Amino acid sequence: MLSSLSSGSRVAGMCACYVAVNPQLDDFLTLRGLRHHILRWGKPGTGQPTVVAVHGWMDVGASFQFMADSLLAQGFEGEIVALDWRGFGLSDASGSDAYWFPDYLGDLDALLDQLSPDAPVDLLGHSMGGNIAMSYAGVRPQRVRRLINLEGFGLPDNPPDAAPQRLAQWLDELKEPAQLKPYASLAEVAARLQKNNPRLPDDKAAWLAPHWARETAEGYALRADPVHKRVNPVLYRAAEVDACWRAITAPTLWVEGADTQVLRWWGGHYRREDFEARLAQVAQLQRRVLPDAGHMLHHDQPALLAAEVSGFLR
């Protein structure tokens with residue numbers, strides 16, 4: 001099990017850390033030749049579908065700890081399983097100089113083959129993980145009983161004319177070593193987490209910091225392959241994504257934070273109406289908006305999110 005900080009401990013002068021009521025149990029599975037870190041909460045073998053949670057870009061599976069604690073506190077009796085995607089957390093890096101979106105689908109498919117080969121799962125994804133979960137549920141509808149998308153908005157469509165410039169950018173980036181900024185201390189890592197999400201309280205930032213970064217000779221490095229920072233040479237084709245979303249048969253819950261700023265990241269290239277048109281293609285859809293929450297809603301409002309998730313799964 002990963003070491004967690006006790007309620008009275010401090011990380012490099014930070015406040016006391018969050019105390020995980022239900023610390024994760026750590027496991028490692030080989031998926032498509034790579035060793036993947038698997039985190040488990042709750043009780044297996046209860047007859048309930050396994051909840052499989054998949055994290056977003058530049059995040060880790062431990063990000064679901066607060067939601068898992070809230071789910072179990074509210075009476076959830078099954079098992080919750082999260083993984084670190086390849087090249088994140090404690091999972092192996094791909095060893096390549098690029099990451100491809102279909103590989104996440106392949107890793108998820110291999111994970112379910114081991115976790116639940118004979119029964120569908122309840123699949124939950126945040127951000128990039130939400131996009132992966134939506135595509136997977138359309139490609140393998142028989143493997144998903146219930147589907148939960150936490151702010152997996154997708155991306156704006158890329159016109160074919162953008163291909164030459166995108167490929168040129170990728171070729172240029174391949175000539176330079178991929179790097180991530182080191183941090184002097186875990187306190188700096190926690191501060192960066194809070195810069196990304198100002199709603200993140202001190203105790204949760206302190207708890208997440210050692211899961212998000214590891215100590216090296218140069219300082220604290222994020223638990224992420226820096227190759228993830230390179231531009232994707234493959235254009236995002238909205239029509240292909242839409243086709244996958246239309247093929248989803250599982251009842252689907254869409255959850256967003258009332259104060260999300262995600263669509264602003266694309267500077268008008270991806271509008272709310274574009275996303276609404278995409279979401280409207282999902283056949284069985286329920287929607288929830290969590291108050292006082294942004295993009296990291298599973299950090300901002302874990303208890304409210306757990307209540308929505310629990311009710312939907314029942």
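All values derive from a computational prediction rather than experimental measurement.
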Query raised in the report: Can Q65 and W41 be counted as having a side-chain donor-acceptor contact under 3.5 angstrom?
Result: yes
Query raised in the report: Would F66 and W207 count as a close aromatic pair, with their ring centres under 6.0 Å?
Result: yes
Query - Backbone N/O of G129 and side chain of H55: donor-acceptor pair under 3.5 Å - result: no
Report task. State which residues pass side-chain contact (heavy atoms from CB on, under 4.5 Å) with D103; sequence neighbours excluded, sorted by chain then number. Result -> R32, R86, W100
Query raised in the report: Among all residues two or more places apart in sequence or in another chain, which pass the salt bridge (Lys or Arg N to Asp or Glu O under 4.0 Å) test with R278?
Result: D242
Report task. Identify whether L105 and L112 are in the same connected component of the hydrophobic contact network (ILVMFWY, side-chain heavy atoms under 4.5 Å). Result -> yes
**Report entry** Nearest-0.5 Å distance that lies between atom CG in L285 and atom CH2 in W245
**Finding:** 9.5 Å
Query raised in the report: Where is the tightest heavy-atom contact between G61 and A82, given as atom of each residue plus distance?
Result: O-CB, 4.0 Å
Report task. Hey, could you give me each pair passing salt bridge (charged side-chain N to carboxylate O under 4.0 Å, His left out) that has a residue in residues 35-49? Not counting sequence neighbours. Result -> D27-R40, R40-E79
Query raised in the report: CG of L279 to CG of N149: how many Å apart, nearest 0.5 Å?
Result: 8.0 Å
**Report entry** H126 and S63: side chain donor to acceptor below 3.5 Å
**Finding:** no
**Report entry** Residue list, salt bridge (Lys or Arg N to Asp or Glu O under 4.0 Å) with D97, at least two apart or on another chain
**Finding:** none
Requested in this report: Decide side-chain contact (heavy atoms from CB on, under 4.5 Å) for K229 and W57; before the verdict, give the C-alpha distance in whole Å, the side-chain angles of both, and the deciding distance to 0.1 Å.
Outcome: CA-CA 10 Å; K229 299 290 282 188; W57 188 69; 4.0 Å; yes
Query raised in the report: Taking a hydrophobic cluster as the set of Ile, Leu, Val, Met, Phe, Trp and Tyr residues connected by side-chain heavy atoms closer than 4.5 Å, whether directly or through intermediates, do F275 and W265 fall within one such cluster?
Result: yes
Which atom pairs, one a donor and one an acceptor, fall under 3.5 Å between side chains of residues 300-314 and the rest of the protein, sequence neighbours left out?
| unit_1 | atom_1 | unit_2 | atom_2 | d |
| --- | --- | --- | --- | --- |
| D300 | OD1 | N197 | ND2 | 2.8 |
| D300 | OD2 | G294 | N | 2.8 |
| Q301 | NE2 | P291 | O | 3.0 |
| E308 | OE1 | R288 | NE | 3.0 |
| S310 | OG | R314 | NH1 | 2.8 |

Query raised in the report: Does E215 have any side-chain contact (heavy atoms from CB on, under 4.5 Å) partners at least two apart in sequence or in another chain, and if so, which?
Result: Y220
Report summary line: CG of L193 to CH2 of W212, rounded to nearest 0.5 Å, is 4.5 Å
Query raised in the report: Run the side chain to side chain donor-acceptor pair (under 3.5 Å) check on N232 and Y99 step by step: do they pass?
Result: CA-CA 8 Å; N232 192 328; Y99 282 83; over 6 Å; no
Report task. Mind running side-chain contact (heavy atoms from CB on, under 4.5 Å) on D69 and Y18 for me, showing each step along the way? Result -> CA-CA 11 Å; D69 275 345; Y18 174 85; 2.5 Å; yes
**Report entry** Residue list, salt bridge (Lys or Arg N to Asp or Glu O under 4.0 Å) with R246, at least two apart or on another chain
**Finding:** none
**Report entry** Any side-chain heavy-atom pair of H228 and F88 under 4.5 Å
**Finding:** yes
Query raised in the report: Under a 4.5 Å side-chain heavy-atom rule over Ile, Leu, Val, Met, Phe, Trp and Tyr, are L180 and V231 clustered together?
Result: no
Query - Any side-chain heavy-atom pair of L115 and V121 under 4.5 Å - result: no
Query raised in the report: Does one side chain, of D26 or Q24, offer a donor that lies under 3.5 Å from an acceptor on the other?
Result: yes
Query - Candidate pair W254 and V282, rule side-chain contact (heavy atoms from CB on, under 4.5 Å), full reasoning - result: CA-CA 10 Å; W254 162 262; V282 180; over 6 Å; no
**Report entry** Contact summary for A98 and S94, nearest pair of heavy atoms
**Finding:** O-OG, 4.1 Å
Query raised in the report: Transitively linked via ILVMFWY side-chain contacts under 4.5 Å: L34 with L31?
Result: no
Query raised in the report: According to the salt bridge (charged side-chain N to carboxylate O under 4.0 Å, His left out) rule, which pairs have a member within residues 126-138, sequence neighbours left out?
Result: none
Query raised in the report: So, do V139 and C244 sit near enough that their side-chain heavy atoms are less than 4.5 Å apart?
Result: yes
Requested in this report: With sequence neighbours excluded, tell me which residues meet side-chain contact (heavy atoms from CB on, under 4.5 Å) with L235.
Outcome: N158, A162, A163, R166
**Report entry** Spacing of L39 atom CG and L90 atom CG [to the nearest 0.5 Å]
**Finding:** 8.0 Å
Query raised in the report: Do the side chain of E151 and the main chain of G257 share a donor and acceptor less than 3.5 angstrom apart?
Result: yes
Report task. Check whether any side-chain heavy atom of T249 lies under 4.5 Å from a side-chain heavy atom of Q142, and answer yes or no. Result -> no
Query - Backbone of V241 reached by a side-chain donor or acceptor of Y236 within 3.5 Å - result: no
Query - Distance-only polar pair, side chains of Q169 and E173, donor-acceptor under 3.5 Å - result: yes
Query - Closest non-hydrogen atom pair between D292 and A258, with its separation - result: N-CB, 4.4 Å
Query raised in the report: With R272, which residues qualify under salt bridge (Lys or Arg N to Asp or Glu O under 4.0 Å), at least two apart?
Result: E256, E276
Query - Test item: W85 and V54 side chains (from C-beta on) under 4.5 Å apart, heavy atoms - result: yes
Query - Test: D84 and R223 ion pair at under 4.0 Å - result: no
Query - Sequence neighbours excluded - side-chain hydrogen bond (donor to acceptor under 3.5 Å, both in side chains) pairs with any residue from residues 110-124 - result: D113-R143, D122-R145
Report task. Treating Ile, Leu, Val, Met, Phe, Trp and Tyr as nodes and any side-chain heavy-atom pair under 4.5 angstrom as an edge, say whether I80 and M296 lie in one connected cluster. Result -> no
Query raised in the report: For V52, does its backbone N or O pair with a side-chain atom of T50 as donor and acceptor, under 3.5 Å?
Result: no
Query raised in the report: How about T252 and Q284: does a side-chain donor come under 3.5 Å of a side-chain acceptor?
Result: no
Requested in this report: For atom CD of E77, decide whether the heavy atoms of other residues, nucleotides or ligands shown that lie under 6.0 angstrom number more than 12.
Outcome: no
Query - Centroid-centroid under 6.0 Å between F28 and H36 rings - result: no
Report task. Quick one: pull up CZ in F101 and CG in N131 and give me the separation to the nearest 0.5 Å. Result -> 6.0 Å
Report task. Please assess L263 against F153 for the test side-chain contact (heavy atoms from CB on, under 4.5 Å), listing each intermediate value before the final yes or no. Result -> CA-CA 8 Å; L263 292 176; F153 283 92; 3.9 Å; yes
Report task. Return the minimal non-hydrogen interatomic distance between D157 and P159, and the atom names on each side. Result -> O-CD, 3.8 Å
Query raised in the report: Just wondering, do Y104 and M128 contact through their side chains at under 4.5 Å, heavy atoms?
Result: yes
Query raised in the report: Just wondering, do P120 and V144 contact through their side chains at under 4.5 Å, heavy atoms?
Result: no
Report summary line: Between L123 and Y136, the two heavy atoms sitting closest are CD2-CD2, 4.1 Å
Requested in this report: Could you grab the distance from atom CG of L83 to atom CD1 of I38, nearest 0.5 Å is fine?
Outcome: 5.0 Å
Query raised in the report: Does S127 have any side-chain contact (heavy atoms from CB on, under 4.5 Å) partners at least two apart in sequence or in another chain, and if so, which?
Result: H295
